[in-house]
> 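My questions will all concern the structure given below.
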Amino acid sequence: MLADISKGTILYFTPVLMLTALLLSLFSYLAPTVMLHGQVALLTVTPSSALTQPGSTKAVDGPSIFLGPLGSCSRPNNEAGLTCMPSSISPIYNTSVFTSNTPSSVISAPPEGAPAFIAISLVFSAIFFVMFTAISFRHLMGKAGAIWENPMVQRVSAWIGIFAFLIGLGSTLIIFMWFGKAADDFNQSIQGQGSNGPQLIASIGNAFTMIWVAYAFFAIPVVVSLAKFHVLATK
């Protein structure tokens, strides 16, 4: 019974994990300019009195900006609608909603290569998902499954998975450090202005949480592919 459970987990659950990882990575890459406006972002700057009036719990109205790898969405106050910049791998962030004493100069786009490499990683991740799933279910394809029995095809699939995983994770780490420093510099500059500073605070967005979960899921099919567990399970 344990063998059947193990086999079922490898053959059926692992492709689902890979699909989930792919979708989470895609959503975090496209947000907030293409989808999930104002809900998912790599970095957010929102109204808050935490830096200018420590300990205050008063609600604050003011401008907000949500940054992603392809661009930004912003609004002048809490009630206004979001205005999003056109998506680009060389994004331009619209900081015009901020006042002149806001340290908006520290909010800049990450190195141009990072979003491009993430896009490449997503393409290879999609290819790996298709190949991994086909290899797992090749025993159900009849004659069409013969090509997926080829050890060379199985090795190529594993290497594509490794390439997609390492390129995507490496690029994400670069962007994480970039926006982490931007958030720290932004907040320190506002704190330096004291009570006269703009009532804003920068923070790392929830898109990174989605990405870390995605790569935790991604690691499982990569390991399975390297060890050929999904191949052995159907022998």
Side-chain angles (χ1 to χ4, degrees), residues 23-112 114-116 118-119 122 171-214:
L23 292 177
L24 286 174
S25 298
L26 181 62
F27 293 164
S28 62
Y29 183 69
L30 297 178
T33 54
V34 178
M35 60 190 301
L36 302 173
H37 316 295
Q39 300 176 48
V40 176
L42 297 176
L43 178 72
T44 62
V45 179
T46 53
S48 173
S49 58
L51 299 178
T52 55
Q53 300 174 16
S56 174
T57 58
K58 181 181 65 174
V60 177
D61 189 15
S64 300
I65 187 170
F66 304 87
L67 281 63
L70 300 180
S72 66
C73 293
S74 58
R75 62 188 177 206
N77 55 67
N78 294 342
E79 301 300 323
L82 286 168
T83 300
C84 296
M85 299 293 289
S87 299
S88 171
I89 61 171
S90 301
I92 298 175
Y93 296 143
N94 179 20
T95 59
S96 61
V97 294
F98 296 134
T99 57
S100 59
N101 62 337
T102 301
S104 55
S105 60
V106 304
I107 302 176
S108 59
E112 185 174 332
I118 292 178
L122 286 171
S171 300
T172 301
L173 287 173
I174 291 173
I175 293 178
F176 179 74
M177 291 186 289
W178 181 276
F179 281 127
K181 185 178 187 306
D184 290 341
D185 291 346
F186 185 92
N187 292 337
Q188 289 175 7
S189 179
I190 288 182
Q191 283 181 318
Q193 297 181 49
S195 59
N196 295 323
Q199 293 186 319
L200 297 168
I201 189 169
S203 57
I204 292 296
N206 55 2
F208 282 112
T209 302
M210 295 173 60
I211 295 172
W212 304 143
V213 172

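Side chains included, hydrogens not; waters and symmetry mates left out as well; all remaining heavy atoms used.
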> Are any non-hydrogen side-chain atoms of T102 and T95 less than 4.5 angstrom apart?
no
> Classify the angle between the aromatic ring planes of F179 and Y93 as parallel (below 30°), tilted (30 to 60°) or perpendicular (above 60°).
tilted
> Would you say the side-chain atoms of S28 pair up with the backbone N or O of L24, donor to acceptor, closer than 3.5 Å?
yes
> S48 vs V60, test: side-chain contact (heavy atoms from CB on, under 4.5 Å). Steps then yes/no.
CA-CA 6 Å; S48 173; V60 177; 5.8 Å; no
> Between F98 and P63, what is the shortest heavy-atom contact and its length?
CD2-CG, 3.6 Å
> Once rounded to the nearest 0.5 Å, what's the spacing between atom CD1 of I190 and atom CD of Q199?
10.0 Å
> Is any side-chain heavy atom of S64 less than 4.5 Å from a side-chain heavy atom of T46?
yes
> At their closest point, which heavy atom of G81 faces which heavy atom of R75, and how far apart are they?
O-CB, 3.5 Å
> Between H37 and F66, is the side-chain contact (heavy atoms from CB on, under 4.5 Å) condition met? List the steps.
CA-CA 8 Å; H37 316 295; F66 304 87; over 6 Å; no
> What do the steps show when you test S203 against T44 for side chain to side chain donor-acceptor pair (under 3.5 Å), and what is the final call?
CA-CA 5 Å; S203 57; T44 62; 3.1 Å; yes
> Which atom names give the shortest non-hydrogen contact between V40 and P32, and what distance separates them?
O-CB, 3.5 Å
> Testing the 3.5 Å rule here: is there a donor-acceptor pair between the side chains of D61 and N78?
yes
> side-chain contact (heavy atoms from CB on, under 4.5 Å) for V45 and I65? Distances and angles first, verdict last.
CA-CA 5 Å; V45 179; I65 187 170; 3.5 Å; yes
> Please name the pair of heavy atoms, one in F208 and one in L42, separated by the smallest distance, quoted to 0.1 Å.
CE1-O, 3.3 Å
> Could you pull out the closest heavy-atom pair between N196 and N101, with the gap in Å?
O-ND2, 3.5 Å
> Considering only heavy atoms from C-beta outward, does the side chain of I211 approach that of Y29 to under 4.5 Å?
no
> Can you give me the closest heavy-atom contact between A31 and P69, atom names plus distance?
O-CD, 3.7 Å
> Can you check side-chain contact (heavy atoms from CB on, under 4.5 Å) on W178 and S108, steps first, answer last?
CA-CA 9 Å; W178 181 276; S108 59; 3.3 Å; yes
> Would you find a donor on one side and an acceptor on the other, under 3.5 Å apart, between the side chain of N206 and the backbone of T209?
no
> Hey, what do you get for CD1 (I89) to OG (S87), rounding to the nearest 0.5 Å?
11.5 Å
> Check whether any side-chain heavy atom of P103 sits under 4.5 Å from a side-chain heavy atom of Q188, and report yes or no.
no
> Nearest 0.5 Å please: distance from the OG1 atom of T99 over to the CG atom of L200.
7.0 Å
> Would you compute the distance between atom SG of C73 and atom CD of Q39 and round it to the nearest 0.5 angstrom?
11.0 Å
> So, S74 and T83: side-chain donor and acceptor under 3.5 Å apart, yes or no?
no
